[in-house]
Amino acid sequence: MNADVLGPQKMGLLQHRAWDFWLAPKRFESPQLYERLGVLWIKRYVPTGGDYFRKKYGVRVIDIKSTIESLLKFEKRTRLYEAIHLGAFLAFLLFSIWQLVSGRTNGIGFVMACVVYVLLILSPVLLQRYNRIRVYEAIRRMRQKQVPL
């Protein structure tokens, strides 16, 4: 899937072929799709690296340089962040389902919780997928420049 971009398969927790099935960009995914879904707005305000927090507080999660190694490190970080957000979403969703089934909340509370989970926990997943698509393209361009014709 991503062998042309990432190079030889590396054994890391989120660098395995099984994870690639989920984390690799799908055919229908494009930067334009994610931009239409509002990822550029999300990008402004995410606390761990968004434009607002980076400018106001100097928060920088990873320093991206114009090297393939730096981009590969960033790509690996997008995988980690996406996995964390998906895990958190599933945990909160299961907790909310348990609350609903046990009668501790009603349907309206459950729906409201799910909306909050999608907005606050799943929206950064869109950002990670958007970033990964752009990083793959940058790596492809850089590798094409390295190969002598």
Side-chain angles (χ1 to χ4, degrees), residues 1-7 10 12-101 104-145:
M1 275 184 180
N2 297 317
D4 63 321
V5 177
L6 301 178
K10 294 181 179 168
L13 182 61
L14 297 173
Q15 294 282 322
H16 196 270
R17 288 191 201 318
W19 277 105
D20 275 348
F21 177 75
W22 176 263
L23 296 171
K26 309 301 182 260
R27 291 178 194 213
F28 66 88
E29 291 180 297
S30 69
Q32 296 79 21
L33 169 68
Y34 286 111
E35 288 167 7
R36 278 187 239 126
L37 291 172
V39 78
L40 296 178
W41 184 85
I42 295 166
K43 180 182 176 288
R44 276 189 249 159
Y45 299 106
V46 291
T48 57
D51 300 335
Y52 174 79
F53 284 89
R54 189 171 46 243
K55 288 176 186 169
K56 185 165 178 126
Y57 301 108
V59 174
R60 188 177 262 337
V61 175
I62 187 168
D63 193 22
I64 303 172
K65 298 175 179 66
S66 37
T67 65
I68 291 176
E69 292 76 26
S70 173
L71 291 175
L72 288 171
K73 183 177 179 181
F74 181 69
E75 188 273 344
K76 193 174 183 180
R77 192 68 59 95
T78 66
R79 288 171 173 256
L80 175 64
Y81 291 159
E82 183 175 341
I84 289 170
H85 279 92
L86 287 173
F89 175 76
L90 290 174
F92 280 107
L93 182 62
L94 288 173
F95 174 75
S96 293
I97 290 170
W98 176 68
Q99 292 286 79
L100 180 65
V101 170
R104 293 188 174 122
T105 190
N106 58 22
I108 294 172
F110 175 76
V111 169
M112 288 176 38
C114 288
V115 168
V116 169
Y117 300 156
V118 167
L119 292 175
L120 296 180
I121 301 173
L122 275 189
S123 60
V125 169
L126 298 177
L127 180 59
Q128 301 310 324
R129 296 195 71 82
Y130 171 76
N131 285 336
R132 204 160 33 253
I133 290 170
R134 295 176 59 227
V135 164
Y136 286 168
E137 189 54 41
I139 292 171
R140 275 191 197 98
R141 282 194 308 268
M142 291 173 82
R143 287 207 167 127
Q144 286 174 349
K145 288 179 182 178

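The first residue of the sequence shown is numbered 1, and numbering continues consecutively from there.
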**Student:** In chain order, what residues pass the side chain to side chain contact (heavy atoms under 4.5 Å, CB included) check against R104, with sequence neighbours excluded?
**Tutor:** W98, Q99, S102

**Student:** If you define the side chain from C-beta out and look only at heavy atoms, does anything of Y130 sit under 4.5 Å from L40?
**Tutor:** yes

**Student:** From N131 CG over to L126 CG, what is the distance, rounded to the nearest 0.5 angstrom?
**Tutor:** 11.0 Å

**Student:** Please find the pair of heavy atoms, one from E75 and one from V135, that lie closest to each other, and give the distance.
**Tutor:** CB-CG1, 4.0 Å

**Student:** State the CG-CZ distance between L94 and F89, to the nearest 0.5 angstrom.
**Tutor:** 9.5 Å

**Student:** Applying salt bridge (charged side-chain N to carboxylate O under 4.0 Å, His left out), name anything that partners E29, two or more places apart in sequence or on another chain.
**Tutor:** R129

**Student:** Search all heavy atoms of L23 against all heavy atoms of R132 and return the closest pair with its distance.
**Tutor:** O-NE, 3.1 Å

**Student:** Heavy atoms only: give me the nearest L127-V39 pair and the separation to one decimal.
**Tutor:** CA-CG2, 3.3 Å

**Student:** Inspect the contact between R140 and E137 and indicate whether a charged nitrogen and a carboxylate oxygen are less than 4.0 angstrom apart.
**Tutor:** yes

**Student:** To the nearest 0.5 angstrom, please state how far the NE2 atom of H85 sits from the CG atom of L80.
**Tutor:** 10.5 Å

**Student:** Among residues at least two apart in sequence or on other chains, which ones pass side chain to side chain contact (heavy atoms under 4.5 Å, CB included) with Q32?
**Tutor:** S30, R36

**Student:** Less than 3.5 Å apart, which donor and acceptor atoms pair up between the side chains of residues 109-123 and the rest of the protein, not counting sequence neighbours?
**Tutor:**
from	atom 1	to	atom 2	distance (Å)
Y117	OH	S96	OG	2.7
S123	OG	L119	O	2.4

**Student:** For the residue pair I133 and Y34, establish whether any side-chain heavy-atom pair is separated by less than 4.5 Å.
**Tutor:** yes

**Student:** So L86 and W22, side chain to side chain contact (heavy atoms under 4.5 Å, CB included) or not? Walk me through it.
**Tutor:** CA-CA 11 Å; L86 287 173; W22 176 263; 3.1 Å; yes

**Student:** Give a yes or no on this: more than 12 heavy atoms of other residues, nucleotides or ligands lie within 6.0 Å of atom CD1 of I108.
**Tutor:** no

**Student:** Between K73 and R77, is any pair of side-chain heavy atoms under 4.5 Å apart?
**Tutor:** yes

**Student:** Tell me, which pairs form a salt bridge (Lys or Arg N to Asp or Glu O under 4.0 Å) where one or both residues lie in residues 83-92, sequence neighbours left out?
**Tutor:** none

**Student:** Report yes if the side chains of I139 and R143 come closer than 4.5 Å at any heavy-atom pair, otherwise no.
**Tutor:** yes

**Student:** Is a side-chain N or O of R134 found less than 3.5 angstrom from the main chain of P31, in a donor-acceptor match?
**Tutor:** no

